[in-house]
2 protein chains.
Amino acid sequence: MVRKQDRDRDGDQAMQNRATPPPTTDPAMGDPGDALALSGQLCFAVYAAAHAFNRLYRPLLDPLGLTYPQYLVMLALWAEDGRTVSSIGKAIGLDSGTLTPLLKRLEASGLVTRARSRSDERQVVVTLTEAGRTLKTRAAGIPAAIACAMGGDRDRIASLRRELEGLRRTLLAAVEETTAAFPADTPGRAEG
Amino acid sequence: MVRKQDRDRDGDQAMQNRATPPPTTDPAMGDPGDALALSGQLCFAVYAAAHAFNRLYRPLLDPLGLTYPQYLVMLALWAEDGRTVSSIGKAIGLDSGTLTPLLKRLEASGLVTRARSRSDERQVVVTLTEAGRTLKTRAAGIPAAIACAMGGDRDRIASLRRELEGLRRTLLAAVEETTAAFPADTPGRAEG
DNA sequence: TCCGATTAGATTGTGTGCAATCAAATTTCT
DNA sequence: AGAAATTTGATTGCACACAATCTAATCGGA
């Protein structure tokens, strides 16, 4: 019992001595030689970085009344107004299960309107309001603030971004392969 | 109306012609010269990659009865059994609001037990059950399956991982700076 | 020693994210 | 032309994720 307590303290000590996440040699993160070690997992690095970004964005987006996913939606609409739910979903990788309530809240905030398309009534067209359009100017300082926080040089950041884009493409291709393999075996699964 | 419809179709066409996310020159992703363009945002690349990883992991983890965050928790416990909630939280960057229900579900699945520490009753110690320990062997093939899906060479993946780890450190440091700046101005905000 | 400050985990509330499913509309095939 | 297949967005159900808050326990200072 006492030994276990000491071990917890040691772990905390290691964390406290750094303002940053533990290095990859921290035993509490798993044996570096072990394939299941957290420290060796690219997916965890991506996951953790994404969460860190969320935390950095929050104080910047709060004054605009936006959450980070809402900000992404607004970015997509500022880029191209009057899009369908699917179009927005494709741009940011979210489906209608996530988007519908999110868009409803944006509509409730007065930033967008949602209307059934006349040419295809299955579609809902999302249009910025004046307030939604105006918000862009207030959001204009955010990328610079983030870049400032990141401090790194532009080329390195752009390079990292391209690497991640390539990674995402590879991952999604692998997902499609896995999904595509099923219809051949069990046609009933095609709907999945 | 017709013009707007055509625009939607054009956008969809661009998406359909690729099994992968659009290239950075897709106008629906924003003008590349615009700082607010989705395509130029590193945070979005991280966000999108994280989601892609989730999708890739899901079919692999489903047979083990685990979600991806639960898998991370198990990785932390396989690395070091008998940890407190805080210790797990520090390892994977989650707080008790997320962990408590998650751990309760793992306990309900019979993979872990949770007990108040005798030496400090504020703490809850999370211990693997036999089933929880045994699960590690079933999970052993997952990193290889993911690596296989990624296909890239190891050095490049490790390099990307290190870049992301550094990015996360930078981001978290920036978050702490922002948080630390407030107490000096408004002590009442120190609790935030 | 006692009290105020801090900590650990739980809870509350809100907003995601995604699989599965559904209803209505549109497209495709016979 | 009519039926089957597919598409679109909405809904249901479940599991996160995190800020704010709370209770109980522990720590630190007077």
Side-chain angles (χ1 to χ4, degrees), chain A residues 5 8 12 16 47-48 50-55 57-59 61-62 65-73 83-90 92-106 108-109 114-126 175 179 187 189-192, chain B residues 8 12 16 47-48 50-55 57-59 61-62 65-73 83-90 92-106 108-109 114-126 175 179 189-192:
Chain A
Q5 175 68 10
D8 278 346
D12 293 341
Q16 290 293 349
Y47 174 84
H51 285 192
F53 262 123
N54 277 350
R55 271 207 280 263
Y57 267 93
R58 186 170 187 143
L61 294 174
D62 266 358
L66 296 176
T67 63
Y68 181 68
Q70 288 173 358
Y71 171 65
L72 294 181
V73 168
R83 309 174 76 145
T84 61
V85 176
S86 292
S87 170
I88 296 170
K90 285 191 175 74
I92 63 178
L94 297 177
D95 66 15
S96 74
T98 306
L99 282 176
T100 296
L102 186 154
L103 290 169
K104 279 181 176 174
R105 280 187 290 276
L106 284 184
S109 300
R114 301 182 311 128
R116 284 282 160 184
S117 165
R118 287 233 211 104
S119 50
D120 183 342
E121 288 185 28
R122 295 173 302 180
Q123 301 186 326
V124 167
V125 178
V126 185
V175 170
T179 306
R189 291 287 293 265
E191 307 204 67
Chain B
D8 276 348
D12 292 342
Q16 290 293 344
Y47 173 85
H51 286 192
F53 261 123
N54 277 350
R55 269 207 282 256
Y57 268 93
R58 187 170 186 145
L61 293 174
D62 266 356
L66 296 176
T67 63
Y68 179 69
Q70 288 173 1
Y71 169 66
L72 293 182
V73 169
R83 308 174 78 146
T84 61
V85 177
S86 292
S87 170
I88 297 171
K90 285 191 174 76
I92 62 178
L94 297 178
D95 66 15
S96 74
T98 306
L99 281 177
T100 294
L102 186 154
L103 289 168
K104 280 180 176 177
R105 281 187 290 272
L106 284 183
S109 302
R114 299 182 312 127
R116 284 282 160 186
S117 164
R118 286 231 212 105
S119 50
D120 184 342
E121 288 187 30
R122 294 172 302 180
Q123 300 185 326
V124 167
V125 177
V126 185
V175 170
T179 307
R189 289 291 290 269
E191 307 202 58

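Reminder, nothing fancy here: chain letters follow the sequence lines and each chain counts from 1.
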Margin query: Side chain of B:T100 only, heavy atoms from C-beta on: which candidate in D:dG9, D:dT26, C:dA10 is closest?
Written below: C:dA10

Checklist line | Between CZ on residue A:R114 and CG on residue A:L106, distance to nearest 0.5 Å | finding: 10.0 Å

Notebook entry, point to check: Does a side-chain N or O from B:K104 land closer than 4.0 Å to OP1 or OP2 of C:dT11, or not?
Noted result: yes

Next item on the list: Indicate the atoms forming the closest heavy-atom contact of A:L102 with A:P69, along with that distance.
Entry: CD1-CB, 3.8 Å

Check: Which nucleotide in the list D:dT26, D:dG9, D:dA10 gets nearest to the side chain of B:E121?
Finding: D:dT26

Checklist line | Nearest atoms (heavy-atom pairs only) where B:L94 meets B:L99 | finding: O-CD1, 3.8 Å

Checklist line | Rounded interatomic separation in angstrom, taking CD1 from A:I92 and P from C:dC18 | finding: 10 Å

Review item, nucleotides 14-17 of chain D N/O atoms under 3.5 Å of protein N/O:
| unit_1 | atom_1 | unit_2 | atom_2 | d |
| --- | --- | --- | --- | --- |
| D:dC16 | OP1 | B:T67 | OG1 | 2.6 |
| D:dC16 | OP2 | B:Q70 | NE2 | 3.2 |
| D:dC16 | OP2 | B:R105 | NE | 2.9 |
| D:dC16 | OP2 | B:R105 | NH2 | 2.6 |
| D:dC16 | O5' | B:R105 | NH2 | 3.3 |
| D:dA17 | OP1 | A:Y47 | OH | 3.4 |
| D:dA17 | OP2 | A:Y47 | OH | 2.8 |

Note to self: From OH of A:Y57 over to P of D:dA19, roughly how many Å is that when rounded to an integer?
What the structure shows: 17 Å

Margin query: So which atom in A:S117 and which in A:V125 form the shortest heavy-atom distance, rounded to 0.1 Å?
Written below: CB-CG2, 3.8 Å

Checklist line | Gap between atoms CG and C1', on A:L99 and C:dT16 respectively (whole Å) | finding: 11 Å

Notebook entry, point to check: Would you say the side-chain atoms of A:D62 pair up with the backbone N or O of A:G65, donor to acceptor, closer than 3.5 Å?
Noted result: no

Notebook entry, point to check: On a plain distance test, is the side chain of A:S96 in donor-acceptor contact with the base of D:dA10 below 3.5 Å?
Noted result: yes

Check: Hey, does the side chain of B:R55 come within less than 4.0 Å of C:dG17's phosphate (OP1/OP2), counting only N and O?
Finding: no

Next item on the list: With sequence neighbours excluded, tell me which residues meet side-chain hydrogen bond (donor to acceptor under 3.5 Å, both in side chains) with B:R58.
Entry: none

Next item on the list: Let me know the distance between CG of A:L66 and C1' of C:dG15, rounded to the nearest Å.
Entry: 13 Å

Check: Taking CD1 from B:I88 and C1' from C:dA8, how many angstroms apart are they, rounded to a whole number?
Finding: 13 Å

Item checked: Distance in angstrom units between A:R122 CZ and D:dT7 C1', rounded -> 4 Å

Next item on the list: For A:G93, answer base if it contacts any base atom (sugar-phosphate contacts may also be present), sugar-phosphate if it contacts only those atoms, and nothing otherwise; contact means non-hydrogen atoms under 4.0 Å.
Entry: sugar-phosphate

Note to self: Distance check needed: C:dT16 P versus A:L61 CG, whole Å only.
What the structure shows: 11 Å

Next item on the list: Figure out the CD/P separation between A:Q123 and C:dA23, and round it to whole Å.
Entry: 21 Å

Notebook entry, point to check: Quick check, are the ring centers of B:Y68 and B:F53 under 6.0 angstrom apart?
Noted result: no

Margin query: On DNA chain D, does the nearest nucleotide to A:R58 precede the nearest nucleotide to A:L103 from the 5' side, or the other way round? Give the residue.
Written below: A:L103

